[in-house]
Amino acid sequence: MANIPANLVKELRDQTGAGMMECKRALQETKGDLSAAVTLLREKGIAQAAKRSGRETTEGKVAIDFCTTTTAAMVAVGCETEPVSNNDDFLVFVQRLLDAVCRHGPQGLTELEDERVELVAKVGENIVTQDAVRFEGREGEVLSGYVHLPANKIGVLVHGTGNPDVARLLAMHISFAAPQYLTRDDVPEAEVNAEREILAKQPDVAAKPEEVQRQIVEGRIQKWLAERVLADQDWIHEPGKKVGQALTESGFGVIEFRRLALSE
């Protein structure tokens with residue numbers, strides 16, 4: 001088998017967008033002939049993957065796997081159309097990504113890049129591994145998740161302490177309400193200040209006296225925070241109650257959470 005220089009493999013990859021292993025195999029089959037390797041990859045359809053890389057991937061799947069009793073993984077994999085998102089090859093690829101994230105965390109996605117490129121060539125659509133997360137708990141802690149059916153395009157992982165049933169309800173809430181932060185202390189001050197500046201320049205605010213401006217801006221900042229901070233959101237399972245209150249009453253403590261969504 002021909003010994004192929006790494007720079008030649010890289011050049012073929014740059015020209016075709018194919019995976020590194022596919023490029024190496026093509027060069028080995030063509031005994032290092034770059035032009036012939038390009039032709040070979042085109043014949044296999046693999047060189048078309050680069051042309052598809054700019055297409056929108058608003059369909060796909062978010063999937064969760066509870067790898068062990070103390071480890072959970074979640075991936076979001078995008079494609080272009082709903083039929084491909086339900087294709088057996090696509091679903092197998094999603095599960096293989098989950099397995100890799102279970103083993104290595106989000107960096108595990110890179111080990112399947114060649115498979116992603118091959119799948120793009122096979123199904124004729126752009127496929128993107130959009131995001132991944134792995135939570136690792138301790139004995140006695142709770143890992144729970146929720147994927148919104150039937151589309152499976154929104155998923156949530158929750159890591160905390162307390163009743164697993166509450167964790168499941170919380171994951172459902174997060175899927176709907178899309179909080180960005182757990183508490184107000186987690187919101188970067190710079191982000192709050194930037195929002196204040198934007199609000200202060202809005203025409204209906206700028207026209208008011210200075211004292212009134214401050215009151216309006218502060219009121220809108222409170223609303224802005226309530227939409228983004230989990231503890232301040234209205235609990236979807238009991239209208240009129242805040243999430244923070246519901247969790248306190250149930251004795252559930254949130255350590256971390258993550259929400260992944262396609263087409264948002």
Side-chain angles (χ1 to χ4, degrees), residues 1-2 4-30 34 36-68 71-135 145 147 151-153 155 157 258 260-263:
M1 190 171 286
I4 306 299
N7 64 324
L8 193 60
V9 176
K10 182 179 183 303
E11 186 174 352
L12 181 58
R13 178 178 171 83
D14 291 342
Q15 287 190 30
T16 64
M20 295 296 286
M21 291 306 298
E22 284 293 336
C23 288
K24 186 174 182 180
R25 282 195 288 266
L27 285 165
Q28 287 172 338
E29 288 183 40
T30 59
L34 183 62
V38 170
T39 299
L40 179 60
L41 290 175
R42 288 187 62 193
E43 289 171 352
K44 292 181 176 181
I46 294 172
Q48 298 301 312
K51 295 181 180 179
R52 299 187 180 105
S53 63
R55 296 182 186 174
E56 287 190 354
T57 53
T58 56
E59 298 296 329
K61 298 293 182 189
V62 177
I64 292 173
D65 194 0
F66 293 94
C67 321
T68 68
T71 309
M74 179 169 62
V75 297
V77 189
C79 60
E80 295 177 44
T81 65
E82 185 178 351
V84 166
S85 75
N86 295 312
N87 175 283
D88 287 343
D89 291 328
F90 181 84
L91 295 175
V92 167
F93 177 65
V94 171
Q95 185 58 53
R96 283 181 53 73
L97 286 172
L98 272 172
D99 293 342
V101 175
C102 279
R103 292 192 303 271
H104 307 299
Q107 61 268 29
L109 298 177
T110 58
E111 68 183 43
L112 294 174
E113 175 59 15
D114 285 335
E115 286 190 31
R116 184 195 69 82
V117 173
E118 290 176 15
L119 186 57
V120 169
K122 185 173 184 178
V123 303
E125 285 192 12
N126 189 22
I127 291 172
V128 178
T129 50
Q130 293 193 0
D131 210 342
V133 60
R134 181 180 68 180
F135 285 168
V147 176
N152 296 73
K153 293 166 72 173
L157 275 183
R258 186 72 179 277
L260 300 183
L262 299 166
S263 71

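One-based numbering along the sequence shown.
- Side-chain polar atoms of Asp99 and Gln95 form a donor-acceptor pair below 3.5 angstrom.
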(request) Might you work through the side chain to side chain contact (heavy atoms under 4.5 Å, CB included) test for Asn126 and Arg116, ending with a clear yes or no? (result) CA-CA 9 Å; Asn126 189 22; Arg116 184 195 69 82; 4.3 Å; yes
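- Counting only distance, with no hydrogens or angles, the side chain of Lys153 and the backbone of Thr58 share a donor-acceptor pair below 3.5 Å.
- The minimum heavy-atom distance linking Pro106 with Ala132 is given by the pair CG-O, 3.6 Å.
- Note that NZ of Lys24 is 11.0 Å distant from CG of Asp114, once rounded to the nearest 0.5 Å.
- The CD1 atom of Ile64 lies 10.0 Å from the CZ atom of Phe135; values are rounded to the nearest 0.5 Å.
- If you run side-chain contact (heavy atoms from CB on, under 4.5 Å) between Gln130 and each of Leu262, Val77, Leu260, only Leu262 comes through.
- Separating the CD atom in Gln28 from the CD1 atom in Ile4 is a distance of 5.5 Å, to the nearest 0.5 Å.
- A side-chain donor-acceptor contact under 3.5 Å links Thr110 to the backbone of Gln107.
- Under a 3.5 Å cut-off, the side chain of Arg134 and the backbone N or O of Ala73 do not form any donor-acceptor pair.
- Heavy atoms of other residues, nucleotides or ligands lying less than 6.0 angstrom from CD of Glu82 number 12 at most.
- Of the listed residues (Leu98, Asp65, Thr129, Asp131), just one forms a side-chain contact (heavy atoms from CB on, under 4.5 Å) with Val75, and that residue is Leu98.
- The nearest pair of heavy atoms linking Phe90 to Gly78 is CE1-O, 4.3 Å.
- Rounded to the nearest 0.5 angstrom, His104 NE2 and Leu109 CG are separated by 11.0 Å.
- Of all the heavy atoms in Val62 and Ala76, the pair that sits closest is CG2-CB, 3.9 Å.
- Contact annotation: the side chain of Glu125 approaches that of Thr81 to within less than 4.5 Å [non-hydrogen atoms, C-beta and beyond].
- In summary, of the residues considered (Thr30, Leu27, Leu12), a side-chain contact (heavy atoms from CB on, under 4.5 Å) with Leu41 occurs for Leu12 alone.
- The distance from atom CD of Glu113 to atom CD of Glu22, rounded to the nearest 0.5 Å, is 11.5 Å.
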(request) Under the side chain to side chain contact (heavy atoms under 4.5 Å, CB included) rule, what do Thr57 and Ile127 come out as? Steps first, then yes or no, please. (result) CA-CA 7 Å; Thr57 53; Ile127 291 172; over 6 Å; no
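- Taking a cutoff of 4.0 Å between a charged side-chain nitrogen and a carboxylate oxygen, Arg96 and Glu118 do not qualify as a salt bridge.
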